[in-house]
Undergrad: 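Okay, handing you the structure first.
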Amino acid sequence: MTVDLSVDLCGVRLRTPVLAASGCFGFGREMAGWVDLAALGGIVTKSVSLEPRRGRPTPRMAETPSGMLNAIGLQNPGVEAFCAGDLKFLAGAGATVVASLVGRTPGEFGRLAERLDGEPGVALVEVNLSCPNVEHRGEVFATDPAAAAEVVQAVKRATSTPVLAKLTADVTDLVAVARAVVDAGADGLTLINTLLGMAVDTGRRRPRLAAVTGGLSGPAIRPVAVRCVWQVAQALPGVPIVGTGGVVTGEDAAEFLLVGATAVAVGTGSFINPRAVVEVADGLERYLADQGAGSPAELPALFKAER
Amino acid sequence: MTVDLSVDLCGVRLRTPVLAASGCFGFGREMAGWVDLAALGGIVTKSVSLEPRRGRPTPRMAETPSGMLNAIGLQNPGVEAFCAGDLKFLAGAGATVVASLVGRTPGEFGRLAERLDGEPGVALVEVNLSCPNVEHRGEVFATDPAAAAEVVQAVKRATSTPVLAKLTADVTDLVAVARAVVDAGADGLTLINTLLGMAVDTGRRRPRLAAVTGGLSGPAIRPVAVRCVWQVAQALPGVPIVGTGGVVTGEDAAEFLLVGATAVAVGTGSFINPRAVVEVADGLERYLADQGAGSPAELPALFKAER
Amino acid sequence: MSPVRELCEVLERRRVGEYQALTLAAPRVAEGARPGQFVHLLAGEDRSFPLRRPFSIWRVERPGAGPGAVEVVFDVVGAGTRALARLRPHDVVDALGPLGRPFDPPEAPAGCLLIGGGYGAAPLFFLAAELRARGCRVDLVTGAATAARLLDPTEAGRLGSSLTVTTDDGSAGRRGLVTDPLPELLAGTGAERVYACGPMPMLAAVSRVAAVAGVACQVAVEEQMACGTGICFSCVLPVGPGGGSGGLEPSPPENRETRMARSCLEGPVFDGAAIAWAELGYPELEELVR
Amino acid sequence: MSPVRELCEVLERRRVGEYQALTLAAPRVAEGARPGQFVHLLAGEDRSFPLRRPFSIWRVERPGAGPGAVEVVFDVVGAGTRALARLRPHDVVDALGPLGRPFDPPEAPAGCLLIGGGYGAAPLFFLAAELRARGCRVDLVTGAATAARLLDPTEAGRLGSSLTVTTDDGSAGRRGLVTDPLPELLAGTGAERVYACGPMPMLAAVSRVAAVAGVACQVAVEEQMACGTGICFSCVLPVGPGGGSGGLEPSPPENRETRMARSCLEGPVFDGAAIAWAELGYPELEELVR
Ligand SMILES: Cc1cc2nc3c(=O)[nH]c(=O)nc-3n(C[C@H](O)[C@H](O)[C@H](O)COP(=O)(O)OP(=O)(O)OC[C@H]3O[C@@H](n4cnc5c(N)ncnc54)[C@H](O)[C@@H]3O)c2cc1C
Ligand SMILES: Cc1cc2nc3c(=O)[nH]c(=O)nc-3n(C[C@H](O)[C@H](O)[C@H](O)COP(=O)(O)OP(=O)(O)OC[C@H]3O[C@@H](n4cnc5c(N)ncnc54)[C@H](O)[C@@H]3O)c2cc1C
Ligand SMILES: Cc1cc2nc3c(=O)[nH]c(=O)nc-3n(C[C@H](O)[C@H](O)[C@H](O)COP(=O)(O)O)c2cc1C
Ligand SMILES: Cc1cc2nc3c(=O)[nH]c(=O)nc-3n(C[C@H](O)[C@H](O)[C@H](O)COP(=O)(O)O)c2cc1C
Ligand code: FES
Ligand code: FES
């Protein structure tokens, strides 16, 4: 059985359904020595803002059981430097680029999308909604359906590139937020961002992160991420979903695809294995062959929800 | 330095600040051969309902990275059998019992509390709010501040025993729910119940739990639990909190106490080590001695939130 | 004997056909263990906080000449058994045991037919030795998919008055299921007791044959277990009103026809007639055993 | 040379004073490694998905006579180093390397003063060998809390023209800080380059002394690292406008006076004068190095 790993994500053909997740693959350039950037399903860049951001003080990360906490604080060189440097490099390398955007207001998101519209090499845009809305008491956009929808609208108005809305699982009703952003025009969803967590250095009796709290990622959160994809795929059939959270093997990727994701993104996995994005795709190819599936898109139909 | 491990939880003196978490110590009797039940901080019983419940079909559990999923479905013999059998046994063994209650309506919770009021041996009542409200589209009580508050009111009216409200982290605004139940009369809070998760048997292409989704517990969720305790302790100073989620060592317990918990409850830890509740308390005693603290209550003041 | 937690030195790990055998120095577990009971094992230094894995006790060396040891035999199927299969002598395994309800031997010497599927034969080795020590006649039937998955057939041959072997592919013994020769053997040996361990469909079939023949039957089941000590309620099985507790403290009776019994505490050995087979998808059997 | 991932057989693990040394068969890492670079190691079969741990390359045996090996020396402080300390010969370690920016040797032979604190002396052993091969005079200063935490003082004595030892408790060499003898040594040896590795306050002090003396200084820093490959941005350090990239591809310049440089990619070696010491809490030093 020959397997064709390519998938269609919001009208964009990806070589494989395995992407590099935002913030976990730098701006892509760093990995040129480790993997063939053009062979990946896609590279979601570190989130880019209008102005450069320095990020948070260190320590910015802490290991936790089967996961890690991070509080990087969205350090990035700003959209202009991004376009002039990283994006040009990625486009030249033939990578499929998903540009991740982060703003403090819906207007900022819109201006970012406008700036990137038509930049060669941007295949999709991902809207990172897990950041504080300065116009609304610093509440995270993705926790409020209306605020999230407003951002998506602003972005859709500004770009002709397909738009993924990236949501957080730290909400009471994820389906409501997902529905709001899809109604606002999002072409697809990325589920999930990190969970809010905290760890304590008991010896020194202080938080292990300088920022006190941070985002929990890695295999520890995979069951939460799989559940989120399943719930949203059930509620909003036909909406493309990129599943993210703890993918480190081809089998992990298969979990997400079986419950309804169109693609997956590997985050923390790349920190342990710089070739994780490639190896997850290889593992998935073997899995599909074992299961007699010719392509990733066949998996949801093979899933038996009632045991 | 001698350490006095005892703590005051809502006016009840506990021998240690380490309890056995609900659903993770059976009804207590099962463990009589493994630990001295009277020496524990307390035993939160498996949640008890008015009528017996058979629970969910098997498989009811699945191992996940640094954690597990369960969908036991609140199997229990009903409050009458509980009082006649387990509670009598626990009272006779000198255990400090926290009776966990679960109902389908606020009224059921109230009747349970009434039934247990004055039963010898019940030191505290814990209200398990992570269950569906049949009067409100099956929504989980703990995701809705008003519904959660209504349950707490019903219970408080029916009992003179101090009441802990057990909340879930699967909400947008945990502090709002915590505030609502405290305003409704809860004497303390238990944070957190399991996170909703799902795992897939990729070989058989079906959910690993018969119930499809289940509750994620174990060290994997500890960073989320610690964050929840920290957030609520900051927002509602003075409200006693029992921290739960991934405690398996004395150091883990110390994380919770440092960020503001009064006590901790060991759940999944007891599955791997039947003496976990005792050994966590021993570890905590050593930790306190190392830190020069005479009692658990001194820890929050030793915590330095700004690094 | 009430179970204990013991940190056990690995004395030996070896291949047995397609299985792995592991011998652990475990004086306190070995002292009280009875056939049908299991140990709940945790191997290796793993920060992922893995759950334990349950294994039937295959052989026991009571403390005396030596310090006391238990041996288990297992199939490598996933992460837990892979970790056990990596153990080397002097490594340490964390064990809980002996856990669960053992097989009940007959009060007086009687003919016993023991039926094991694959590694499911493991507890029957231990049981056969005990039954013979009690003066019972023991006949064995072991079956597997293929010859290499028959558990130590040479030793099995020594344990009983007879050994009947079946394989699905005919690579050893009769081709067919382990249950095929049962009616004939029950009649031929005049056995008064049947003991079985193996996959659920096999246990259902054995229970049916025994019920038809009117012979008392005990089966050891395998349900997924988290704790192994009765506190998590993950390992349950529907048991009829008369079913279960086997001398162990029963959980309070529920207000139901059948109740969900914990197989780690009230099992893994159940009376074949006590299991609510209908709820498990074997309705005809339920009719039979009523 | 661009870094690789190599599954390395453990050739030896041994004690070195209070530290552990680990020798790994690592032909591809050994081939290109330069002093100041590090390896990012993962030990053991652990399902908890632990992060790697970074260690300076202490010694290298280039492929040639043998297959090529690297040696690291480490202090056992937590779970990761405990796992490494349990390794036995023939076990396998997963390594990334050589990673990071190495020390820049002087263009022409020159006097060099090398200052190491605790296990921080490790990369200086490798550097000393390279500097001497290039015809430089090398003087060493190593310091530690106590004698047992001085890294292999016998070998250190052989590496340079002189070795000065300090301990906080006076149990070996001079009592005091490793930085105490610096001004005197700089004057005495006429060194034109200073290289240092150790805790941050020590690196700050060394950078200050070098700046006062007008001597070029490079320091290797230790920040917590998740990836080690430049993709997570956890290991950052504020670096002044002129600071940093050391021949490696710089990240796009940010529109700032100082920027947060990744110490795994643009470091761990930085020019002492490039680090924005004021932001790290050493304001006087910032004044000095400006
Ligand atoms: C009472 C009892 C006695 C047993 N005796 C033996 C024995 O003597 N020899 C032997 O080879 N096996 C025996 N088993 C099955 C053995 O426990 C499983 O093969 C083992 O747990 C698989 O673990 P794993 O991590 O390798 O597999 P995985 O499939 O990765 O395990 C995932 C999870 O499923 C559980 N699981 C998987 N297979 C089974 C199973 N067949 N039964 C119960 N739980 C399972 C595991 O415990 C674990 O929690 C017994 C099971 C029980 C309940
Ligand atoms: C470039 C570089 C080179 C190093 N070289 C050496 C060396 O040659 N010898 C040596 O003994 N140590 C060295 N270290 C420090 C070494 O990486 C840590 O001691 C080690 O990571 C501790 O891991 P642990 O799990 O035992 O400790 P834990 O304290 O349990 O680790 C928890 C987390 O903190 C990180 N961490 C802890 N201590 C340090 C530290 N000092 N620096 C950076 N991260 C830390 C760990 O990597 C891990 O992510 C170096 C660090 C860096 C950044
Ligand atoms: C260090 C780090 C930095 C991250 N930065 C971003 C970011 O800039 N934008 C974003 O949308 N997500 C970011 N994420 C979230 C990841 O893209 C991903 O959603 C999450 O880590 C879960 O996937 P994982 O478990 O595979 O890591 C970051 C995660 C980590 C660990
Ligand atoms: C098998 C199992 C059964 C549980 N049953 C209950 C229950 O009946 N009532 C309840 O309030 N919490 C129940 N819980 C949740 C635990 O009490 C605890 O809040 C949660 O598992 C997190 O703690 P842990 O990580 O230490 O297990 C259960 C958890 C598990 C794993
Ligand atoms: S395995 Fe936990 S109750 Fe049986
Ligand atoms: S450790 Fe990840 S960027 Fe340096």
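Here is how names work: the chains are called A, B, and so on, in the same order as the sequence lines, proteins then strands, and each is numbered from 1. Since the model is a prediction, treat every value here as computed from it, not as a measurement. Values below: all heavy atoms of this structure, side chains included; hydrogens, waters and symmetry mates excluded.
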Undergrad: Counting heavy-atom pairs closer than 4.5 Å to chain B, which one of A/L258, A/V229, A/L196, A/D173 comes out on top?
TA: A/L196
Undergrad: Shorter than 4.5 Å, heavy atoms on both sides: which option in A/S66, A/A220, A/A169, A/G67 has the most such pairs with chain B?
TA: A/S66
Undergrad: Would you check if the side chain of B/R206 reaches a backbone N or O of A/A305 as a donor-acceptor pair within less than 3.5 Å?
TA: no
Undergrad: With respect to chain B, which residue among A/P57, A/P219, A/G214, A/G218 yields the maximal number of heavy-atom pairs within a distance under 4.5 Å?
TA: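 The candidate making the most pairs under 4.5 Å is A/P219.
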Undergrad: Looking only at atom types and distance, does a side-chain atom of A/Y287 sit under 3.5 Å from a main-chain N or O of B/G203, one as donor and one as acceptor?
TA: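 Pair absent, no side-chain N/O of A/Y287 close to backbone of B/G203.
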Undergrad: Show the nearest heavy-atom pair for residues B/K304 and A/R204, with the distance to one decimal.
TA: NZ-O, 3.4 Å
Undergrad: Run the side chain to side chain contact (heavy atoms under 4.5 Å, CB included) test on B/W230 and A/V200 for me, step by step, so that the C-alpha distance in whole Å, both residues' side-chain angles and the decisive distance to 0.1 Å come before the verdict.
TA: CA-CA 11 Å; B/W230 164 250; A/V200 174; over 6 Å; no
Undergrad: For the backbone of B/T172 and the side chain of A/T172, can you confirm whether one donor and one acceptor N or O come within less than 3.5 Å of each other?
TA: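 Present.
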Undergrad: Take A/I221 and B/V224 through the test side chain to side chain contact (heavy atoms under 4.5 Å, CB included) and record every step on the way to the result.
TA: CA-CA 10 Å; A/I221 71 165; B/V224 174; over 6 Å; no
Undergrad: Between A/E139 and chain B, with a heavy-atom cut-off of 4.5 Å, which part of the residue counts as in contact: side chain, backbone, both or neither?
TA: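 When you check distances to chain B, no heavy atom of A/E139 falls under 4.5 Å.
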Undergrad: List the atom of A/V259, the atom of B/M198, and the distance in Å for their closest heavy-atom pair.
TA: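 Smallest heavy-atom distance, with atoms named: CG1-CE, 3.6 Å.
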Undergrad: So do the side chains of B/L69 and A/R227 get within less than 4.5 Å of each other, counting heavy atoms only?
TA: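 Side-chain contact under 4.5 Å: no.
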Undergrad: If you count heavy-atom pairs within less than 4.5 Å of chain A, which of B/G197, B/A254, B/A225 leads?
TA: B/G197
Undergrad: Count the heavy-atom pairs under 4.5 Å between each of A/D170, A/T213, A/L216, A/T168 and chain B, then report the option with the highest count.
TA: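 Option with the greatest count: A/D170.
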Undergrad: Quick one: what part of A/T143 sits under 4.5 Å from any heavy atom of chain B, side chain, backbone, both or neither?
TA: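 Backbone plus side chain of A/T143, per the 4.5 Å heavy-atom cut-off to chain B.
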Undergrad: Just give me the residue among A/R205, A/E255, A/R222 that pairs up with chain B most often, heavy atom to heavy atom, under 4.5 Å.
TA: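 Looking at each of A/R205, A/E255, A/R222 in turn, A/R205 comes out on top.
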Undergrad: Taking all non-hydrogen atoms of both residues, which atom of A/T202 and which atom of B/Q291 are closest, and how far apart?
TA: O-NE2, 3.9 Å
Undergrad: Is it the backbone or the side chain of B/L302 that comes under 4.5 Å from a heavy atom of chain A, or both, or neither?
TA: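 For B/L302, the contact with chain A is made by backbone and side chain together.
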